[in-house]
Amino acid sequence: MLNKQYQQKDKILPPEVIFHVHRITKVYQMGEVEVRALRLVDLDLYEGEFVVLLGPSGSGKSTLLNILGGLDIPSSGEVFFRERNLTNASDAQLTRFRRDCVGFIFQFYNLIPSLTARENVALVTEIARRPMSPQQALELVGLSNRLDHFPAQMSGGEQQRVAIARAIAKNPEVLLCDEPTGALDFQTGKLVLEALAQVNRELGTTTAIITHNAGIAAMADRVIMMRSGEITHIQHNETKLTPAELEW
Ligand SMILES: Nc1ncnc2c1ncn2[C@@H]1O[C@H](COP(=O)(O)OP(=O)(O)OP(=O)(O)O)[C@@H](O)[C@H]1O
Ligand SMILES: [Mg+2]
């Protein structure tokens, strides 16, 4: 009952705020030891922005991103996606939120080997509410000449761009990327970042990228720096570099 008292059901937020994170913590109980992955994190993300999350290993970046995407829930505090309070959503509501509103991209592409690029993307568009065509999504990431290739017939960078096409084909409002260039060399990584920047520019998809590479921060509108489960600093970039201009 006491908990309920503190739980806001709805919240009126400025229309440009897409995520409102209010004093969240995440504690993992490992036997006798408590791991505090997030310690009272506050954050707003704005519609259409491109943010980069930077911080040492174990600083809580993935935990925060997974909570934003409804893959995990905080131990305390609240997360709003627009006016919706994700922290008191049912499992079914969270599933719908993930399916309709969020595109995920991880370090490993998780493509189905026996399906072509087009078919891998089609798996998602078939169940989406307002999808683009697989071909359109693949064109947007520069793969119009790889539609009928199987994953084994593509480079790592091309496979990651298929994964991006798959994530954007359902027209999600947000794209959450956990080390999308982690397995790629820097030239290939730049092509993947170029695809993400293009999606952000052309579709206005709010995009958050976790990276270990501080060089990537120069292409972001804002850089969120984390350490030991806290946001230590948020940097606003007056001018952004294109991926081709990045140094890493
Ligand atoms: N499922 C889990 N069970 C227990 N502890 C966890 C779990 N997931 C994460 N942690 C711990 O929470 C802390 C934050 O982890 P998280 O994965 O968010 O860090 P990260 O910043 O993404 O690190 P990396 O850059 O290495 O991916 C770490 O100390 C980690 O060991
Ligand atoms: Mg991580």
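Each ligand, and each atom within it, is numbered from 1 in the order the structure gives. All residue numbers in this chain count up from 1 along the given sequence.
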In a table with atom names and distances, give each donor-acceptor pair under 3.5 Å that connects a side chain of residues 123-132 to protein atoms at least two apart or in another chain.
unit_1: Thr125; atom_1: OG1; unit_2: Ala122; atom_2: O; d: 3.2
unit_1: Arg130; atom_1: NH2; unit_2: Asn171; atom_2: O; d: 3.0

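Taking the charged nitrogens against the carboxylate oxygens, Lys61 and Glu179 have no contact shorter than 4.0 Å, which rules out a salt bridge. Contact check on Arg39 versus Glu230 returns no salt bridge, with no Lys/Arg side-chain nitrogen under 4.0 Å from an Asp/Glu carboxylate oxygen. Between Glu78 and Arg23 no salt bridge is recorded (no basic side-chain N to carboxylate O distance below 4.0 Å). A salt bridge is absent between Lys190 and Glu245: the closest approach of a Lys/Arg side-chain nitrogen to an acidic carboxylate oxygen does not fall below 4.0 angstrom.
With respect to Ile224, the side-chain contact (heavy atoms from CB on, under 4.5 Å) criterion is satisfied by exactly one of Val52, Leu45, Val41: Leu45.
Side chains of Val21 and Asp42 form no contact here, defined as non-hydrogen atoms less than 4.5 Å apart.
Closer than 4.0 angstrom to ligand 1 lie heavy atoms from Tyr28, Met30, Val35, Ala37, Pro56, Ser57, Gly58, Ser59, Gly60, Lys61, Ser62, Thr63, Glu179, His212.
Within a 6.0 Å sphere centred on CD of Glu247, heavy atoms belonging to other residues, nucleotides or ligands number 12 at most.
Taking a cut-off of 2.8 Å, the protein N, O or S atoms nearer than that to the Mg ion (ligand 2) are Ser62 OG.
Not counting sequence neighbours, the partners of Phe97 by the ring pair (Phe, Tyr, Trp, His ring centres under 6.0 Å) test are Phe81.
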